[in-house]
Amino acid sequence: MAVTKAVIPAAGLGTRFLPATKATPKEMLPVVDKPAIQYVVEEAARAGLDDVLIVTGRNKKSLEDHFDRAVELEETLAAKGDRDKLALVQQASAIATVHYVRQGDPKGLGHAVLAAAPHVGDQAFAVLLGDDLIDARDPLLETMLALQEREGGSVIALMEVPKDSISLYGCAAVEGAEGDVVRITGLVEKPAVADAPSNLAVLGRYVLSPTVFGLLRTTAPGHGGEIQITDALQGLIDVEPVHGVVFRGRRYDTGDRLDYLKAVVQLAADREDLGPPLLSWLREWLPEQP
Ligand code: UTP
């Protein structure tokens with residue numbers, strides 16, 4: 001059965017981005033001129049997943065408002081004849097059918113995914129982290145969905161990272177590489193560098209079999225006292241095939257301040273309207289820096 005549903009966890013506390021995230025979910029921080037999560041919903045829709053469930057936490061109102069109609073604003077823009085801005089406002093509410101579920105206590109990513117179980121039901125589904133952007137020019141989700149359709153089981157996106165930074169990520173033990181596809185034989189959350197089985201880090205895209213829900217229900221809190229998706233996926237490996245796709249394209253972690261700044265600059269530099277003036281200012285400004 002083809003995957004139709006995408007789950008976007010967006011209930012984390014975003015503590016790395018305080019105080020900006022005190023009253024705003026980090027997924028709503030603007031990347032150039034769109035909130036990060038809009039890029040993620042667009043990515044799901046591009047891959048054919050137009051049933052999107054956002055797992056929300058506190059401060060969910062701005063998220064819901066963003067993907068809803070904004071009648072008053074739309075009427076004002078229409079009255080002014082500002083069609084371009086009107087289109088931008090309307091676009092966000094037309095990307096996909098967006099549903100919401102509350103996580104309650106933010107007990108970890110695994111716990112957030114489990115909150116999606118009633119909506120997802122007994123079918124494979126995609127998980128896209130709401131603060132993790134994949135450049136639209138480097139398709140990843142489509143590749144993962146095609147692999148899951150062919151092989152069944154689950155598919156996890158991986159990326160190569162310098163070995164000494166692997167302890168910031170979930171890490172995969174793999175075998176049998178065929179191009180960028182590997183068979184995952186083990187997963188460990190944020191291992192010490194010396195214990196890491198590879199330099200392949202788990203990034204924020206998954207296509208999961210519904211078997212994961214049963215495993216999440218019995219997964220005890222792990223690293224950081226949180227219910228980790230990585231721990232449940234380790235259990236999945238024992239019962240079903242789990243493949244990895246090694247992603248070599250552009251990816252931006254907007255939950256991290258430095259990566260966020262890089263994302264804004266890179267994506268703005270690529271834009272026709274903002275790129276040329278931004279780059280010419282940067283060229284003038286950089287040589288003046290100590
Ligand atoms: P992170 O670990 O990056 O989110 O989770 P965080 O805990 O908000 O970050 P910091 O370290 O405090 O800054 C990755 C994704 O999982 C979601 C987050 O919203 C983010 O999209 N998440 C995490 C949840 O939905 N619920 C949780 O309990 C934890």
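None of these values were measured; they are calculated from a predicted model. Residues take their numbers from the sequence shown, with the count starting at 1. Remember, it's 1-based here, ligands and their atoms both numbered in the order they're listed.
Of all protein heavy atoms, the one closest to atom 8 (O) of ligand 1 is Gly14 N, 2.7 Å. Among protein heavy atoms, atom 11 (O) of ligand 1 sits closest to Arg16 NE, 3.1 Å. Nearest protein heavy-atom neighbour of atom 20 (C) of ligand 1: Glu27 OE2, 3.6 Å. Looking from atom 14 (C) of ligand 1 to the surrounding protein, the closest heavy atom is Leu129 CD1, 3.8 Å. Gly12 N, 3.5 Å is the protein heavy atom nearest to atom 22 (N) of ligand 1. Distance from atom 16 (O) of ligand 1 to its nearest protein heavy atom, with residue and atom name: Leu109 CD1, 3.5 Å. Looking at atom 26 (N) of ligand 1, its nearest protein heavy atom turns out to be Gln103 OE1, 2.7 Å.
In terms of polar-atom proximity, defined here as any N/O pair under 3.5 Å, Lys26 does make such a contact with ligand 1. Residue Gly108 places at least one N or O, backbone or side chain, under 3.5 Å from an N or O of ligand 1. At under 3.5 Å, a nitrogen or oxygen of Ala11, whether backbone or side chain, sits near a nitrogen or oxygen of ligand 1. Residue contacts with ligand 1: Ala112 is placed with no nitrogen or oxygen under 3.5 Å of a nitrogen or oxygen of the ligand (distance criterion only).
Counting atoms of ligand 1 from 1 in the listed order, those under 4.0 Å from a heavy atom of Gly130 are 21 (O). Shown in contact with Pro106 at under 4.0 Å from a heavy atom are these atoms of ligand 1, numbered in order with element: 28 (O). Close approach of ligand 1 to Thr15 is summarised as follows: ligand atoms under 4.0 Å from at least one heavy atom of the residue are 10 (P), 11 (O), 12 (O), 13 (O).
Residue contacts with ligand 1 include Leu13, since one of its heavy atoms falls under 4.0 Å from the ligand. Under a 4.0 angstrom heavy-atom cut-off, Lys107 registers as being in contact with ligand 1.
For Phe17 and Tyr260, the ring centers sit closer than 6.0 Å to each other.
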Item to check | side chain to side chain donor-acceptor pair (under 3.5 Å) evaluation trace for Thr185 with Glu175 | outcome: CA-CA 7 Å; Thr185 56; Glu175 63 179 25; 5.2 Å; no

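A side-chain N or O of His119 and one of Asp51 form a donor-acceptor pair less than 3.5 Å apart.
The number of heavy-atom neighbours closer than 6.0 Å to CD of Glu272, taken from other residues, nucleotides and ligands shown, is 12 or below. No more than 12 heavy-atom neighbours from other residues, nucleotides or ligands sit within 6.0 angstrom of CG on Asp122. Surrounding CZ of Arg102 are more than 12 heavy atoms belonging to other residues, nucleotides or ligands, all under 6.0 Å away.
Ion pairing between a basic and an acidic side chain is recognised when a charged N comes within 4.0 Å of a carboxylate O; Glu178 and Arg183 show no such pairing. Here Arg16 does not pair with Asp259 in a salt bridge; the nearest charged N to carboxylate O distance is not below 4.0 Å.
Across Lys85, Arg69, Arg83, a single residue satisfies salt bridge (charged side-chain N to carboxylate O under 4.0 Å, His left out) together with Glu74, and that is Arg69.
Atom-to-atom distance recorded for Leu133:CG and Gln38:CD is 11.5 Å, nearest 0.5 angstrom.
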